[in-house]
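For reference, positions follow the sequence shown, starting with 1. Order of appearance sets the numbers: ligands from 1, and atoms from 1 within every ligand. Values below: all heavy atoms of this structure, side chains included; hydrogens, waters and symmetry mates excluded.
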Amino acid sequence: MLIKQDIPTRLSILDGFFNFNKMSELKIAIQKSGRLSENSHKLLEECGIKFSNGANVLKTKAKNFPVELLFLRDDDIPQYVEQRVADIGILGENMVFEKNKDVQILEKLGFAQCRLSLAIPKEDTYTGPGYFNNKKLATSYPKLLSDYLEKNKIKAEIEEISGSVEIAPGIGLADAVCDIVSSGSTLMTNGLREVETILNSQAVIIGNRNLGQNKKKILDSLLFRIRAVRHAKENKYILLNAPESSIKEICRILPGMKSPTILPLVEKGWCSLHSVVKEDQFWERIDQLKAAGAEGILVIPIEKMIL
Ligand code: PRP
Ligand code: ZN
């Protein structure tokens, strides 16, 4: 009896959610090629979403989740999300703030970290932001640059160009540049030196403000998976052996998700302890654990982590 009642309820939930022949897919815009494209694709794959990889396709539907990918220039993504050509988009905050469209930031993604910076010919002496007075600055970020200039009361000319900004001083097009710096190698290759940071940026998901009920459901399910993937990356699974007398101290060092799992060892007075440790705290914690008497410490990557 119980089982019979249970089955139709479950089927109807699954039906509403995953029978995506019946519903329109969530359209996700990602960068076609560039700094963000590979990691954007990878993130969706780590969420268990499978795409057939046709070369040079501009859009593709997932095989096992109600989403469709649109491959676009990152510069165009904010506008397309505002207009609902795409429902959501994955791109850098730099582009979101530059384009200043009516979209919402739904989640920070932690990859494609970079900064928007001002750079000058490396042999020039830098005297502070006043250096830029009466100079000509090449950039693909005219809005963010003019906001910065205004805030710092600098009068400079902006030369807007859409790419290869770093060569502008070398070919006499501008005195300095305002562009994205990641590793810094593009600046170095072009004889430039970073002198001011205007904005720090990372990849984010932006969304249209008026998604319907169905699309919101798909989005929630996608965000749930993305968070599980990200939590897993931020944490490590840790196993160690310790004398029973150290357990209290070790539990204090390793609070874990709820509290550590403790199992007895065959050797009397010893136990094995399992927990989770944040990746960025992990070396500091390892030293504390050793000092507290822990031995045979193993640290293992986690694939997915649901809190
Ligand atoms: C930025 C910038 C440089 C490069 C800097 O381009 O314009 O070309 O990244 O990276 P580096 O410091 O590691 O050398 P972006 O990927 O934003 O390119 P796009 O303007 O073509 O989208
Ligand atoms: Zn771009």
Side-chain angles (χ1 to χ4, degrees), residues 27-44 56-59 69-83 85-86 88-101 103 105 108-124 126 132 135-149 156 158-207:
K27 293 197 176 72
I28 310 177
I30 67 169
Q31 191 187 35
K32 186 171 176 351
S33 61
R35 262 177 331 112
L36 288 133
S37 48
E38 198 187 324
N39 282 335
S40 307
H41 214 267
K42 203 170 106 209
L43 177 69
L44 296 172
N56 294 323
V57 289
L58 294 179
K59 57 180 193 170
L69 280 189
L70 310 180
F71 301 97
L72 301 169
R73 283 195 58 184
D74 60 342
D75 317 46
D76 296 330
I77 293 177
Q79 179 182 341
Y80 286 154
V81 170
E82 184 187 67
Q83 295 171 342
V85 173
I88 65 169
I90 301 179
L91 76 169
E93 288 173 299
N94 51 308
M95 220 24 109
V96 181
F97 296 132
E98 172 61 30
K99 299 297 175 184
N100 202 23
K101 298 288 179 190
V103 295
I105 292 186
K108 298 202 179 210
L109 297 174
F111 64 85
Q113 278 160 345
C114 63
R115 49 204 187 269
L116 180 67
S117 291
L118 287 162
I120 65 170
K122 67 172 189 298
E123 60 282 356
D124 271 21
Y126 186 63
F132 295 103
K135 292 260 178 8
K136 198 175 185 184
L137 305 180
T139 191
S140 311
Y141 295 83
K143 181 206 164 339
L144 293 174
L145 176 56
S146 69
D147 289 352
Y148 172 86
L149 295 175
I158 297 178
E159 179 72 40
E160 185 180 343
I161 47 179
S162 59
S164 305
V165 170
E166 289 90 347
I167 65 165
I171 57 172
L173 186 67
D175 302 302
V177 303
C178 168
D179 200 16
I180 294 300
V181 184
S182 174
S183 64
S185 72
T186 308
L187 287 186
M188 205 153 74
T189 320
N190 289 284
L192 298 170
R193 175 160 72 95
E194 188 179 2
V195 290
E196 299 287 344
T197 300
I198 293 183
L199 176 92
N200 285 300
S201 171
Q202 62 175 289
V204 291
I205 299 188
I206 56 167

**OP:** Check whether any N or O atom of Asp75, backbone or side chain, sits under 3.5 Å from an N or O atom of ligand 1, and answer yes or no.
**Re:** no
Original post:
Is Ser140 near ligand 1, meaning one of its heavy atoms is under 4.0 Å from it?
Top reply: no
**OP:** Any atoms of ligand 1 less than 4.0 Å from a non-hydrogen atom of Ser182? List them with their elements.
**Re:** 10 (O), 11 (P), 12 (O), 13 (O)
Original post:
Looking only at protein heavy atoms, which one is nearest to atom 20 (O) of ligand 1, and how far off is it?
Top reply: Ser162 O, 4.9 Å
Subject >> Heavy atom of Met188, distance to ligand 1 below 4.0 Å >> reply: no
Original post:
What part of Asn94, side chain from CB on, backbone N/CA/C/O, both or neither, has a heavy atom under 4.0 Å from ligand 1?
Top reply: neither
Original post:
Is there side-chain contact between Leu36 and Phe111, with heavy atoms separated by less than 4.5 Å?
Top reply: yes
Original post:
So, does Glu93 use its side chain to make a donor-acceptor pair with the main chain of Gln202 at under 3.5 Å?
Top reply: yes
Original post:
Got the closest protein heavy atom to atom 4 (C) of ligand 1, with its distance?
Top reply: Thr186 OG1, 3.8 Å
Subject >> atom 22 (O) of ligand 1 protein-contacted (non-hydrogen atom, under 4.0 angstrom) >> reply: yes
**OP:** Answer yes if the side chains of Thr186 and Glu166 hold a donor-acceptor pair under 3.5 Å, and no otherwise.
**Re:** no
**OP:** Report yes or no: does a heavy atom of Glu166 sit under 4.0 Å from some atom of ligand 1?
**Re:** yes
**OP:** Indicate yes or no: does Glu82 engage Lys99 in a salt bridge with an N to O separation below 4.0 Å.
**Re:** no
**OP:** Run the contact test for Gly163 against ligand 1 with a 4.0 Å cut-off on heavy atoms, strictly below, and give the result.
**Re:** no
Original post:
For ligand 1, which atoms, with element, lie under 4.0 Å from some heavy atom of Ser183?
Top reply: 11 (P), 12 (O), 13 (O), 14 (O)
**OP:** Around atom 17 (O) of ligand 1, find the nearest protein heavy atom and jot down its residue, atom name and distance.
**Re:** Arg35 NH2, 3.3 Å
**OP:** With sequence neighbours left out, write down each residue that passes salt bridge (Lys or Arg N to Asp or Glu O under 4.0 Å) with Glu196, or none if nothing qualifies.
**Re:** none
Original post:
With respect to the Zn ion (ligand 2), what is the nearest N, O or S atom of Asp74?
Top reply: OD1
Original post:
Where's the contact between Asp179 and ligand 1, heavy-atom distance under 4.0 Å: side chain, backbone, both or neither?
Top reply: side chain
Original post:
Do you know which N/O/S atom name in Asp75 is closest to the Zn ion (ligand 2)?
Top reply: OD1
